[in-house]
Amino acid sequence: MGGCIEATEKTLSYSHTSCADALQMLADEFKTEWEIRGKAIYLRRVEYNKANPLRLRYGRDCGLKPGVSRDNFGSKKPCEILLVQGGRKNIDASTYGSVELLLPKSQTIAFDGTKFADEAGFNAATARSYKTDATGTEITRADRPLLTFVEDSIDLSQIYPKRVGTVSSVEMIAGKDGHVNYDIIDSSIPEALDYNKALIKGQTMKVIFQSGNLTGAGAPAGEYGRVPGQTSQGPAGPPGGTVYIPKVGDTYAVFGCSLPDAYVCDNTTRTGASWEMFREAVRVKYENEVERYTFSAELDELYADRHWIEIGSRIVKGGFVLLESDKYAPTDGLLIRITGVRTPVNTPRRPQFELSNVASPGSVSGQLGKIDRNEVTTEEGFRQLRHETARTYEHAKEAQDMLEKALDNFSAGVNPIWVRTMSVLVGNEYQQFMFVDNRTETQREIIPLFEMNNETKVFTAPAAILKHMTMGINKTSSAHKATDYKYWDVAGYTSPFLGGEKSAFYLVAKCAKGGTSGEFLLQEVYKYDPGDGFYYFLVGLLSSESGGERSFATAYGYTEILPGQMRIRNIISPDGRTYFNVAEGVIGGNIRIESGSVGYSNLTDKPDLSIYETRSEFKVFADQIRGEVGRINVTAGGTKDQLAALQTWSQNQVNSLLNRQATSEDKIYRLQTAGFITTAQGNALYASAQLANGDTIASYITQSPTAINLISQNISLTGRAEFKSLQSQLNTQREKIDNKPDSSSLGSLAWRNKIGKAMMDETIIDGGYIKTSLIDTNNLIVKKAAQIGDFIVRGGSLTVEHYGDYERSKGVSISPNGGVDVRDGNYGYTRIRGGEISVKRTNGGGTVSMGGDGFSYEKGDAGFYVKISPFLGEWQPRLRLNMGPLPHVNTVKKEGGNTFRQLMIEENKWIVCWE
């Protein structure tokens, strides 16, 4: 069993039920989900990557294609008031006040979806608070008022007060007619529990066993007594037999009794059957108090191709997605699970998936039929034994090339015949980190189980705590405290299927510079600090695939070799089967200790081999084993000849099936390649039909060496369409010589060259997406979301986005209504509207305006205005000149050096002059 939820036990009935159906029944009964991973079964909600969800939204390079749809799941509305019905067993209605178990009255509890407030790991930031009413029959939210008053109910009659005891000893008592009775004794019964005082009037107290050979069996309880300091004699058990008898260690429960309040409801310690029922009801309400819906979405193939190594492993059933949508999600995104994935065989990087907040019972991630009993422990042990993959000389050479490309603080490699030196230091300053089990002074270094599964072609890295040994250490000390170091919580990683990838990868820990969280990633190119706010610590190297296998090696820490000693973390054999894990003190693999070795007697946990005193005794045991194997062969069907005949018959049956398969494949191929029409018929295809309303539809396809013509009223293409020019050699050398341009034709030559390059390119049409190089058309209507250089079409205008504060914003906007706005980013603003131009500076400068009505210059309260229009009561247009406020003559005289003249106007020629 890999893992399961914590809940009150329930009884299910099976009748010729398969394992898959039994698991589904369990999931339905406990309102949860199940899955199989490897050879372990998990009965719990299937969730992955909740702390590190995949971020998706609709838009360019954001992940989702257009067409995201949302559907409500069922017609049931979210529950605000949950009515709870408890069990009736061990309830004395005359004293309890109810025939059924009630919730703890007027109590509250907080739940974060996984843990309650009184449990370790509780997250108060995401928790919801719940309360019970004064009658103990319903649950509502304590952190928000009721809005819809929608009610729902749940039957929790399997929860009732009880105490499960353990048999500490059994006594046999002779009965009548040769029968034997058994008394069970439980020495752990508390002093406050006296079953003689717990009898319920009108009911018979019974003992029902909860484990052992008597599970489910019960018998009336005999007289119960308790003397302080002595063992307690319990109820009499069922009679007789050598198998169905009570045994020490069996558990039991007593029914038909009224237990003390501590077993019913204890509000001080928050224990008892009422609190157990309260918690179970809160779990159910938590899942049913929000609107239930399902999203259908398809991953953008362009986005998937670029980011598949990062996201491929996250698109799994149960994986969490942070959906960002202006229409469906709040501003901080909607955290929702993937409940279904459909992956096309030919395009595995274009999965379609469903997102839902509804539990999905029955999710299976493995093949149930291939599980063999009693192999889980063995397989897990072998996996731990061989956690280092086999490594070849070519893998080691490739690792050196990868390190040379990745690290820039080393010189080029050397290739000498031999090296004579006094010291070797292998490592990099940036790579001085380790993985530890906690952040306290008791921490120990661990080596995470980085595993490349060469059967499934998937690489996994578990979650771990990364501790850097040099970063942040700015003082010299012989013993640093654990708090002196910098730590990151690195999330686990599972790669997508790597069978189609041939390149090698760097395993990095991407850690935030200003935070304490990180994640493992595979990258084809490595850079320690690309300037994006993260450190990329190089953890290891995953080799390219060779012979169907990849090899992984760590690349952090250091190795020091000095005369007579070596400091190292791990020593591994070339095949990865034998290793000395010096960091954790583990030796694994097939270790053979030759004779002459000493120290075996110092082992305190060595096996007892004294029973095998001579080599001949080992041979006797071997002969006994061979004899047992031979006896089994005879029992199974006996002789060697018979077994050989069985093998021959099986092989013949297999060969017959293979021959029939080959014959079928040949017939299928001939059917697929058979010709149904002649070449002439194929060059001209005509189809005609008459609809029910009398209209005739027709389509015609003709084919020639230079063209294919499709003639139809409507043409519909489904799928991806590509268009390429047949003339791929337009600009040949002959054309360059025959059509040598002169100076007068350079402009047309440039245009022809642009067209020629576009014709050699291709056009791709896929759904609503078009990719091409050149469009030459008389009319192009763009309604929205278009972009020309830095210009975009928004609100019917051609605009360069403004940025900065409004007064110092920068950009251009061209309106189809005849308006142009220009801002230079330095308070300068020009506005053109029809026959008017306005230029001004918004930081206190002047404004110049010019239009059909006149000219003006304004700055503050002063201005100069020129306008041509008739005065009141006249028809003759006249020049108007307004200036003000003007300085007084005395003010001008103060500046000195003045010469004053009279301003005069020549009446006939309208010339302004002075005298």
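- Classified by interplanar angle (parallel below 30°, tilted 30° to 60°, perpendicular above 60°), the ring pair F534/Y536 is perpendicular.
- Between E289 and R141, the closest heavy-atom pair is OE2-NH1, 3.1 Å.
- Side-chain contact between L538 and Y506: present, with at least one pair of heavy atoms (C-beta onward) separated by less than 4.5 Å.
- For the ring pair (Phe, Tyr, Trp, His ring centres under 6.0 Å) with H468, the qualifying choice from F435, F537, Y535 is F537, the only one to do so.
- In this pair, Y556 and F433 present their aromatic rings parallel. The plane angle is below 30°, not in the 30 to 60° band.
- Among all heavy-atom pairs drawn from A482 and E441, the shortest one is N-OE2, 2.9 Å.
- Relative ring orientation between F459 and Y493 is described as tilted, the plane-to-plane angle lying within the 30° to 60° band.
- Between F450 and F520, the ring planes are perpendicular. Angles over 60° get that label, and only those under 30° would be called parallel.
- With a 4.5 Å cut-off on side-chain heavy atoms, R279 and I109 count as touching.
- When all heavy atoms are compared, the tightest approach of R44 to G3 is NH1-CA, 4.5 Å.
- When each of L335, I338, I336 is tested with P53 by the rule side chain to side chain contact (heavy atoms under 4.5 Å, CB included), just one qualifies, namely L335.
- The nearest pair of heavy atoms linking F122 to K115 is CD1-O, 3.4 Å.
- Ion pairing between R314 and E519 holds under the 4.0 Å rule for side-chain N and carboxylate O.
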Practice item. Go through the steps for D112 and R128 under the test salt bridge (charged side-chain N to carboxylate O under 4.0 Å, His left out), then give the verdict. Key: CA-CA 6 Å; D112 65 2; R128 305 173 189 170; over 6 Å; no
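- For the pair R45 and T32, the tightest heavy-atom approach, listed with the atom from each and the gap, is N-OG1, 3.3 Å.
- Below 30°, between 30° and 60°, or above 60°: for F278 and W275 the angle between ring planes is between 30° and 60°, a tilted geometry.
- The side-chain contact (heavy atoms from CB on, under 4.5 Å) search around K527 returns P530, not counting sequence neighbours.
- In this structure, L507 and L542 have side chains that are not in contact, with every pair of non-hydrogen atoms separated by 4.5 Å or more.
- For E33 and R337, the salt-bridge test passes: some basic side-chain N is under 4.0 Å from an acidic carboxylate O.
- When side chains are defined from C-beta on, V341 does not count as touching V316, because their heavy atoms never get closer than 4.5 Å.
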